[in-house]
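Below, all heavy atoms of this structure are taken into account, side chains as well, without hydrogens, waters or symmetry copies. In the text below, chain A, chain B and the rest are named by the order of the sequence lines, each starting its count at 1.
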Amino acid sequence: MKSEPSVFSIDDLQTKPNQTYCWDGVRNYQARNMMRDEMKIGDLAFFYHSNCAEPGIVGIMEVVKESYADFSAFDSDHQYFDPKSNPENPRWFMVDLKFVRKLPRTITLKELKLLPELADLALVRRGNRLSIMPVSASQWEFILSFCSYKACHKAVIF
DNA sequence: GCCAACGTTGGC
DNA sequence: GCCAACGTTGGC
């Protein structure tokens with residue numbers, strides 16, 4: 001799940017570790033469908049910093065509330081207002097998340113693109129700008145193990 | 001349903 | 001700031 005750190009970063013999320021946050025403002029149907037149809041309580045998600053100096057995966061979140069109407073779309077004063085959505089027939093949905101942990105270091109987009117094991121990761125596929133993307137179990141495990149071991153192999157791999 | 005014009009995302 | 005790669009809109 002992407003967020004611009006200048007707007008909301010992993011450190012913002014960590015400031016109040018027990019706080020839950022609604023992931024509002026998603027206005028793309030594919031991303032909406034993933035929140036609405038796929039994400040279940042207890043699921044984990046990577047937190048990705050986008051549109052910044054060092055884009056990459058920086059931490060882990062957990063789903064604490066399953067999809068419900070994104071009410072920011074109903075408020076005409078809100079930046080995420082969408083007149084085509086209303087409480088009777090909401091167009092946009094969101095989930096609630098909470099901080100789990102930061103990764104020991106940022107796994108940069110540059111690294112993710114170089115790793116053959118992640119060639120099928122949606123994030124590194126050509127032109128993918130979705131703000132929410134699926135990660136398979138094996139991709140998840142690989143990224144976490146790579147994160148732990150990279151310090152030892154830094155000179156070899158890069 | 002087609003597609004040109006336009007707006008957005010986000011890496012660089 | 002540039003621009004590729006989208007997604008959306010709306011005329012037809």
Side-chain angles (χ1 to χ4, degrees), chain A residues 1-15 21-39 43-63 67-136 138-140 142-144 146-147 150-151 153-155 157-158:
Chain A
M1 304 182 81
K2 295 181 182 176
S3 181
E4 300 187 19
S6 62
V7 177
F8 186 73
S9 73
I10 188 69
D11 293 321
D12 294 324
L13 191 69
Q14 189 176 21
T15 300
Y21 295 89
C22 52
W23 205 261
D24 63 354
V26 171
R27 298 291 180 266
N28 171 281
Y29 290 105
Q30 281 180 263
R32 177 203 70 179
N33 293 349
M34 272 181 275
M35 287 197 292
R36 189 188 60 185
D37 307 332
E38 310 280 344
M39 296 175 68
D43 284 353
L44 300 178
F46 285 131
F47 192 109
Y48 177 90
H49 280 175
S50 69
N51 201 12
C52 57
E54 190 176 54
I57 297 170
V58 293
I60 296 175
M61 301 182 287
E62 179 179 345
V63 177
S67 78
Y68 60 109
D70 180 344
F71 47 76
S72 67
F74 307 148
D75 178 0
S76 60
D77 292 330
H78 200 283
Q79 61 167 325
Y80 297 141
F81 175 61
D82 181 353
K84 293 170 184 166
S85 189
N86 60 74
E88 290 71 38
N89 186 22
R91 175 173 295 206
W92 305 114
F93 292 82
M94 60 189 175
V95 298
D96 286 359
L97 298 140
K98 73 170 184 182
F99 176 79
V100 173
R101 62 185 170 93
K102 275 180 87 165
L103 296 187
R105 63 182 186 84
T106 299
I107 313 294
T108 64
L109 177 61
K110 189 178 173 185
E111 293 173 73
L112 296 169
K113 284 180 171 173
L114 285 171
L115 292 163
E117 294 87 347
L118 299 176
D120 292 328
L121 188 68
L123 178 71
V124 303
R125 304 298 297 198
R126 194 175 68 103
N128 205 323
R129 303 168 310 159
L130 279 179
S131 62
I132 301 177
M133 284 173 280
V135 179
S136 75
S138 59
Q139 289 164 342
W140 180 275
F142 179 80
I143 290 167
L144 286 183
F146 175 74
C147 180
K150 191 237 176 178
H153 301 304
K154 187 170 182 176
I157 298 174
F158 298 106

* Among all residues two or more places apart in sequence or in another chain, which pass the ring pair (Phe, Tyr, Trp, His ring centres under 6.0 Å) test with Phe8(A)? -> Tyr21(A)
* To do: Can you tell me which residue pairs pass the side chain to side chain donor-acceptor pair (under 3.5 Å) test with a partner in residues 1-15 of chain A, sequence neighbours excluded?
  => Glu4(A)-Asn51(A), Ser9(A)-Asp12(A), Asp11(A)-Lys102(A)
* With sequence neighbours excluded, tell me which residues meet side-chain hydrogen bond (donor to acceptor under 3.5 Å, both in side chains) with Arg129(A). => none
* Structure fact -> Rounded to whole Å, CD of Glu54(A) lies from C1' of dC12(B) at a distance of 14 Å
* Asked: Residues two or more places apart in sequence or in another chain: which of them pass side-chain hydrogen bond (donor to acceptor under 3.5 Å, both in side chains) with Trp23(A)?
  -> none
* To do: Mark up nucleotides 1-9 of chain B, 5' to 3', with B wherever a protein heavy atom is under 4.0 angstrom from a base atom, S wherever such an atom reaches only the sugar-phosphate, and - elsewhere.
  => -------BB
* Asked: Of Asn28(A) and Asn51(A), whose nearest nucleotide on DNA chain C comes first from the 5' end?
  -> Asn51(A)
* Asked: What residues form a salt bridge (charged side-chain N to carboxylate O under 4.0 Å, His left out) with Asp75(A), not counting sequence neighbours?
  -> none
